[in-house]
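To start, the structure under review is shown below, and the notes come after it.
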Amino acid sequence: MNDLPLSPRESAIVSSTPLRYSATSENKMRLAHAVSTTLRACALLGAVAGISACSSIDSGGYENYQAAALAHQQDIATGTASDHLASALPAGTKSAATISTSHLHHLSLADALVIGLRNNPSLLVQRYAPAIAQQQVIADRGAFDPTVSAGVQASKNRVPSSGGYVTSSGGYNRAAGGSTTTDSGTANLGVSENLPTGTSIKAGINANLSDSEASGGQATNTGFSLTVTQALLQGGNLQANLATIHEAQLGKKISDYQLRGEALTITDDIVQAYWQTVLARQNVQILEQALSVARQQEQQTRELIRVGRTAPSQLSASIAQTAVTREQLVSALGAQKIARLNLLSLLVPSGKPFWKHQIVLTTPPYISGGPQAPLAAHTSLALRLSPILNQTRLQIQQGDLAVIQTRNGLLPVLNAFITMGKTGYAESFGPAAANLNGDDYQLIGGLSFNYPLFNRTPTANYQSAVLSRDQEEAAFANTVRSVELSVRTAYIQAVTDRRQITATAATTRAQQETLAATEGEFRVGESTSLQVSQAQANLLSAQLAQAQAVVAYLDALDTLYLQEGSLLERCHIQAPGAIPTRSIGPAWLRRWPDGYLHAMP
């Protein structure tokens, strides 16, 4: 299994469009370099017991386990953002106190990503998976660990000696012959190991002590034996014997891609919630300004009525426009509160009263030239970066391994074995061990064979593995189609929303000119209050549509990069699974059934 890094062109596509930073504010959006460097080096998704957050998501062991955060180089509120980012450092490296959950004031998009990825409970749960998968790899490797065994045994036997007889009642009278007592003891020490080649090695030493009244003394023997067994058919294939370990390694990588997918989803949720909160605030500002203009128009109409320059009937239109604008403002204020709650729910840790926090968002929406690469480039990149596609590729490779393993199970069990041993005899352990150098020895060799008559269970297991592998490949083809559709749809939506910004901006300028002309006509008596109110309403709608178009475009870009799989890189977030994996499918496997594992690390 080889991972293929991105080509220079693909890397250029990913790095060409950072997610959300305004080029016009670049000079005033840089954080201290030391903070950015420190954030890149620290760990966020720490050990399960609670290591703090920082700048990257890593799926290593507990000691290296990191979570997502943003090492951003551009930020608007430099002073405040530095405090937030510094507070995200783990214990022992923090330059400021732990971030307070009682108030979140100025909050940039970068800050929101750092804090949200640090505190998100779903990411907290998902970060366990790679560590658990790594333990499975270690456990499967343990199948080839050597095993040490030892034992000690002592016994005492008393048996009748010759001279006794059986009585008429069936009992035994030993009075005539007496009895003989034998004391014995045994000690053994052995080591055994199973090798991936299908070889089993077992070596051991043993010592026996016997002290019998019948023999009139003590006798000891010390022995050494070595047994080597080699599987010739079933169990003798190196690739099949290592398949379990390689499946566990693939499972570890799958958990990395699952963690990456979770981080992508959470990042997308935070970015979308941030821009929706920004839009809600902009709508409130537009409506507040429109209400002020409506009130001025109402006051101007009253003044013109007072001096007799217009009829009293003109006042009703101005009053109605003020009331309608006030009604829209009330709704916008409610929507702003809901958007704020949605954003805070993604940032504040579980169990904390997120609704109590007050925030001021400092990253304004910006307008870029749209997607910088052609649609084909985005689609091609998605087919390589998409976590779900990479995960499915690895599952297909797991299926390939299952086919190799179960195919080997179709073979008969045929094992060759050889046992070599020597034994030394004496009246004590020392001389007995020295006598192992004698000419006597023991050598045993042979073959053992075993094969079920119908072999139905191994055959069914093999067919099931083949079908499961083919099912995964069919699912992969369907997933590829789904990813291509999602990327193409998101691309078209981003291009459309970018054009919509230009269209709504032109509409806003035209409505502004129309309102100015209508107000001028009204002041000289050539227009009515109703026409002015209509012009004000049209301008308000155009301004709200323009604000909505900008945020819709940013959301569309975010969705495109999410479907493409490059959202984390564009946000400068490091996460596992950034390098695509190479797919080795069934067609290749059928050409060289067991050769796939030569590509394994």
Side-chain angles (χ1 to χ4, degrees), residues 1-2 132-145 193-201 229-255 257-258 388-417 446-480 581-601:
M1 178 191 60
N2 290 344
I132 295 173
Q134 180 61 34
Q135 296 308 308
Q136 185 61 48
V137 174
I138 297 173
D140 289 338
R141 284 174 175 166
F144 302 107
D145 289 345
E193 182 175 4
N194 295 321
L195 302 179
T197 56
T199 306
S200 175
I201 302 174
T229 303
Q230 175 63 51
L232 301 179
L233 294 177
Q234 184 181 137
N237 184 285
L238 177 64
Q239 288 85 359
N241 294 337
L242 290 175
T244 301
I245 295 177
H246 292 153
E247 282 185 35
Q249 291 173 336
L250 291 173
K252 167 63 170 58
K253 295 205 66 176
I254 287 174
S255 67
Y257 285 116
Q258 290 173 338
I388 186 62
L389 289 181
N390 284 311
Q391 179 180 336
T392 307
R393 289 187 183 103
L394 294 177
Q395 289 171 341
I396 292 174
Q397 293 179 21
Q398 283 185 323
D400 294 343
L401 291 169
V403 170
I404 293 173
Q405 199 171 20
T406 55
R407 181 189 289 116
N408 185 254
L410 296 174
L411 300 175
V413 176
L414 178 62
N415 296 336
F417 65 90
L447 296 172
S448 63
F449 178 83
N450 181 28
Y451 187 73
L453 265 184
F454 301 105
N455 208 29
R456 287 185 291 186
T457 299
T459 302
N461 291 338
Y462 171 70
Q463 293 297 336
S464 177
V466 172
L467 292 173
S468 297
R469 190 269 318 277
D470 292 346
Q471 182 185 42
E472 289 291 346
E473 188 164 69
F476 177 78
N478 184 55
T479 306
V480 166
T581 187
R582 184 176 68 182
S583 176
I584 302 177
W588 189 89
L589 184 68
R590 294 189 187 103
R591 289 197 300 272
W592 188 5
D594 293 342
Y596 152 69
L597 286 165
H598 292 293
M600 297 292 291

For I201 and L195, the nearest pair of non-hydrogen atoms, with its separation, is CD1-CD1, 4.1 Å
Please give me the minimum heavy-atom distance between T197 and Q230, naming the atom from each residue.
O-NE2, 3.1 Å
Is there a side-chain contact (heavy atoms from CB on, under 4.5 Å) between L232 and L447 once you walk through the steps?
CA-CA 10 Å; L232 301 179; L447 296 172; 4.3 Å; yes
Go through it in stages, so that I can follow the logic: the residues are Q234 and N408, the test is side-chain contact (heavy atoms from CB on, under 4.5 Å), and I'd like the CA-CA distance, side-chain angles, deciding distance and then a yes or no.
CA-CA 6 Å; Q234 184 181 137; N408 185 254; 4.0 Å; yes
Are any of the side-chain heavy atoms of Y462 and N455 separated by less than 4.5 Å?
no
Check: Q398 side chain, E247 main-chain N or O, donor-acceptor pair, under 3.5 Å:
yes
Can you list the residues that meet the side-chain hydrogen bond (donor to acceptor under 3.5 Å, both in side chains) rule with T244, with sequence neighbours excluded?
Q405
How many angstroms lie between atom CZ of R393 and atom CD1 of I254, to the nearest 0.5 angstrom?
12.5 Å
Any sub-3.5 Å donor-acceptor pair from S464's side-chain atoms to A460's backbone N or O?
no
When rounded to the nearest 0.5 angstrom, what distance separates CG in D470 from CD1 in I396?
9.5 Å
With a 3.5 Å distance limit and no angle check, can you tell me whether N241 reaches the backbone of P196 through a side-chain donor-acceptor pair?
yes
Check against side-chain contact (heavy atoms from CB on, under 4.5 Å), R141 and Q249
CA-CA 10 Å; R141 284 174 175 166; Q249 291 173 336; 3.1 Å; yes
How long is the gap from CG on L233 to CG on L414, to the nearest 0.5 Å?
5.0 Å
Rounded to the nearest 0.5 Å, what separates atom CD in Q395 from atom CG in D400?
12.0 Å
Taking CZ in F449 as the centre, count heavy atoms belonging to other residues, nucleotides or ligands within less than 6.0 Å. Is the count above 12?
yes
By side-chain hydrogen bond (donor to acceptor under 3.5 Å, both in side chains), S200 pairs with (sequence neighbours left out) N194
Taking every heavy atom of L410 against every heavy atom of Y451, the minimum-distance pair comes out as O-CE1, 3.7 Å
Take L389 and T479 through the test side-chain contact (heavy atoms from CB on, under 4.5 Å) and record every step on the way to the result.
CA-CA 7 Å; L389 289 181; T479 306; 3.5 Å; yes
Quick check against the 3.5 Å criterion: does E472 have a side-chain atom that pairs as donor or acceptor with the backbone of Q397?
no
What's the separation between atom OG1 in T199 and atom CG in L238, rounded to the nearest 0.5 Å?
10.0 Å
Measuring from Q471:CD to F476:CZ, what's the distance to the nearest 0.5 Å?
15.5 Å
List the atom of A133, the atom of S255, and the distance in Å for their closest heavy-atom pair.
CB-OG, 3.8 Å
